[in-house]
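Heads up: the structure comes next, in structure tokens.
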There are 2 protein chains.
Amino acid sequence: MPAADTPPPAYRRRADAERNVAALLEAAAASFVERGVDAPVRDIAARAGVGVGTIYRHFPTRADLVVAVYRHQVDELAAPAATDAGSPSAALRAWVDRFVDFLVTKHGLAAALRSDDPAFLALHASFLDRLVPVCDGLLEAAVAAGECRPQVTGYELMRGIGNLCIGAESDPRYDARRMVEVLLDGLRPSS
Amino acid sequence: MPAADTPPPAYRRRADAERNVAALLEAAAASFVERGVDAPVRDIAARAGVGVGTIYRHFPTRADLVVAVYRHQVDELAAPAATDAGSPSAALRAWVDRFVDFLVTKHGLAAALRSDDPAFLALHASFLDRLVPVCDGLLEAAVAAGECRPQVTGYELMRGIGNLCIGAESDPRYDARRMVEVLLDGLRPSS
DNA sequence: CTTGCAAGCGGAACACCGTTCCGCTTAACT
DNA sequence: AGTTAAGCGGAACGGTGTTCCGCTTGCAAG
């Protein structure tokens with residue numbers, strides 16, 4: 001499975017291949033916006049002006065494509081917060097807000113993270129490997145400061161937040177942000 | 001769309017049809033356990049010893065089949081609690097526990113409730129119509145007693161709980177029950 | 001018991017999807 | 001210009017949901 005995004009891949013890729021990968025990433029991003037991360041392979045290929053075989057050559061599994069499309073945004077989530085939040089729990093809340101913003105704007109991504117479809121398996125691994133340590137660090141700091149009860153692990157918290165974001169984009173009566181807030185409130189030490 | 005479960009359907013159904021409906025319900029229930037509520041139509045039909053056309057005749061949409069299979073359990077959830085819980089918030093918690101138990105033991109049902117697949121549309125309506133009033137009543141009582149903050153609607157709470165149950169059956173590191181507990185804790189009045 | 005009819009049935013057929021595979025094209029280096 | 005293999009396209013396959021229509025059969029009337 002090729003890196004598919006990092007500019008210097010050890011030994012050069014052919015120029016047309018490079019072009020196709022770029023076109024595919026752009027086409028996939030557009031299709032994901034319009035039809036969600038389950039957008040049909042053929043649609044993406046057609047939009048990029050390539051055959052379906054070309055998709056599978058560069059992105060053997062759907063997860064590879066999704067990861068590549070959202071690589072930069074995940075990088076930003078994995079990076080330390082730009083501004084100081086004042087307290088460990090405020091820092092946790094700020095990060096969770098960013099995470100929710102990311103998920104809520106991606107059709108079907110939150111659901112894909114919970115899918116047992118083998119094509120999405122690598123997605124769990126990739127996203128969680130990157131983000132769970134961040135979440136865990138923030139959570140443990142808040143716990144150490146006595147601002148959170150140690151009820152859940154960082155992993156569980158991320159999964160719970162991800163779950164609360166599922167379907168939010170198509171249900172005007174459901175406010176994922178508020179639900180996540182309530183979940184975090186549930187971690188506050190009892191009076 | 002036939003009632004498919006109530007014994008007296010106004011004008012009698014043919015005896016073989018009645019047998020087939022019963023066989024289908026049994027086959028579907030078994031398939032749902034083994035392969036989840038997305039079990040292939042052909043599998044269910046084969047198991048019941050009927051053709052696929054027969055499924056669609058009695059259950060035009062997958063939602064109809066799912067609703068029929070779980071009808072009794074939903075009825076129980078819609079019925080008032082058998083025992084007095086002591087306080088409105090304890091009653092809410094008890095009911096939520098039952099709801100979670102129901103969802104967690106059904107492969108893919110929680111996810112189906114969030115699916116935007118048109119075949120599942122009627123599922124949202126049916127389940128929510130039955131259960132949201134119950135949840136709303138319990139929640140409002142708890143709010144009135146000052147045991148819950150009025151942060152969310154009964155609808156949102158049910159959606160949130162349902163979401164927290166997605167994928168729980170296949171992830172040993174994730175405890176849906178505990179997450180739901182935390183969510184409910186988030187509704188307690190702040191110290 | 002025979003007959004007529006429509007409810008009901010089966011499964012072929014169709015549309016769509018992910019995925020694989022292989023013969024052809026073409027970039028890149030000599 | 002020649003050589004080579006990386007890369008490409010899209011036909012083909014298997015699995016799905018869904019529709020459709022000719023045949024079967026329960027059932028009631030004669």
Side-chain angles (χ1 to χ4, degrees), chain A residues 1-4 9-25 27-28 31-32 34-66 108 111-112 115-123, chain B residues 1-4 9-25 27-28 31-32 34-66 108 111-112 115-123:
Chain A
M1 57 218 81
Y11 281 91
R12 288 239 340 262
R13 214 163 15 187
R14 260 166 57 168
D16 55 349
E18 200 115 26
R19 269 197 311 273
N20 283 335
V21 166
L24 274 173
L25 285 177
S31 291
F32 289 174
E34 285 175 17
R35 315 206 20 186
V37 294
D38 301 299
V41 183
R42 272 176 256 260
D43 283 12
I44 302 174
R47 200 194 280 250
V50 305
V52 289
T54 304
I55 288 198
Y56 284 100
R57 163 163 295 268
H58 296 297
F59 306 99
T61 186
R62 181 159 223 108
D64 296 316
L65 185 55
V66 175
S115 164
D116 51 1
D117 183 332
F120 280 128
L121 260 183
L123 202 63
Chain B
M1 58 215 83
Y11 281 92
R12 286 238 342 261
R13 212 160 21 183
R14 257 167 58 169
D16 55 348
E18 200 116 25
R19 270 198 310 274
N20 283 336
V21 167
L24 275 173
L25 285 177
S31 291
F32 289 174
E34 286 176 18
R35 315 204 24 183
V37 293
D38 300 299
V41 184
R42 274 176 255 261
D43 284 11
I44 302 174
R47 191 173 207 137
V50 305
V52 289
T54 304
I55 289 200
Y56 284 98
R57 163 163 293 268
H58 295 298
F59 307 99
T61 185
R62 181 158 224 110
D64 296 316
L65 186 54
V66 175
S115 165
D116 50 1
D117 184 331
F120 280 126
L121 260 183
L123 203 62

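Labels below follow one simple rule: chain letters A, B, ... track the order of the sequence lines, proteins then strands, and each chain is numbered from 1.
Between the P atom of D/dT25 and the CZ atom of B/Arg19 lies a distance of 11 Å, rounded to the nearest Å. Atom-to-atom, CZ of A/Arg35 to C1' of C/dG18 comes out at 14 Å; the value is rounded to the nearest Å. Straight-line distance from the CG atom of B/Asp43 to the C1' atom of D/dT16: 11 Å, rounded to whole Å. With rounding to whole Å, A/Asp38 atom CG is found 12 Å from C/dG18 atom C1'. Across the protein-nucleic acid pair, A/Arg13 atom CZ and D/dG7 atom C1' stand 11 Å apart, rounded to whole Å. Spacing between atom CD1 of B/Ile44 and atom C1' of D/dT16 amounts to 13 Å, rounded to whole angstrom units. Taking atom CG of A/Leu65 as the reference point, atom P of C/dG18 lies 12 Å away to the nearest angstrom. Per the geometry, CG belonging to B/Asp64 stands 14 Å off C1' belonging to D/dT18, to the nearest Å.
To the nearest 0.5 Å, the span separating OG1 on B/Thr61 from CG on B/Asp117 amounts to 8.0 Å.
Nearest nucleotide to the side chain of B/Val52, out of D/dT18, C/dA7, C/dG18: D/dT18. Residue A/Thr54 places its side chain closer to D/dC8 than to any other of D/dC8, D/dG17, C/dA28. Side chain of B/Tyr56, nearest nucleotide from D/dG17, D/dG26, D/dC8: D/dG17.
By the 4.5 Å heavy-atom criterion applied to side chains, B/Val66 and B/Phe59 are not counted as neighbours. Taking 4.5 Å as the limit, every side-chain heavy atom of A/Leu65 sits out of range of all side-chain heavy atoms of A/His58. Contact of the B/Arg57 side chain with the B/Leu24 side chain is not registered, since no non-hydrogen atoms from C-beta on lie closer than 4.5 Å.
Taking 3.5 Å as the limit, the base of C/dA7 and the side chain of B/Arg14 contain a donor-acceptor pair of atoms between them.
The side chain of B/His58 places no N or O atom within less than 4.0 Å of a non-bridging phosphate oxygen (OP1 or OP2) of C/dG8. Taking 4.0 angstrom as the limit, B/Asn20 places a side-chain polar atom (N or O) nearer than this to OP1 or OP2 of C/dC9.
If you find the closest nucleotide of DNA chain D to B/Asp16 and to B/Thr61, the one lying nearer the 5' end belongs to B/Thr61. Each of A/Gly49 and B/Asp117 has a nearest nucleotide on DNA chain D; the 5'-most of these lies closest to A/Gly49.
The salt bridge (charged side-chain N to carboxylate O under 4.0 Å, His left out) with B/Asp16 is formed by just one residue from the set B/Arg13, B/Arg14, B/Arg19; it is B/Arg14.
Using a 4.0 Å heavy-atom distance criterion, B/Arg42 is classed as a base contact.
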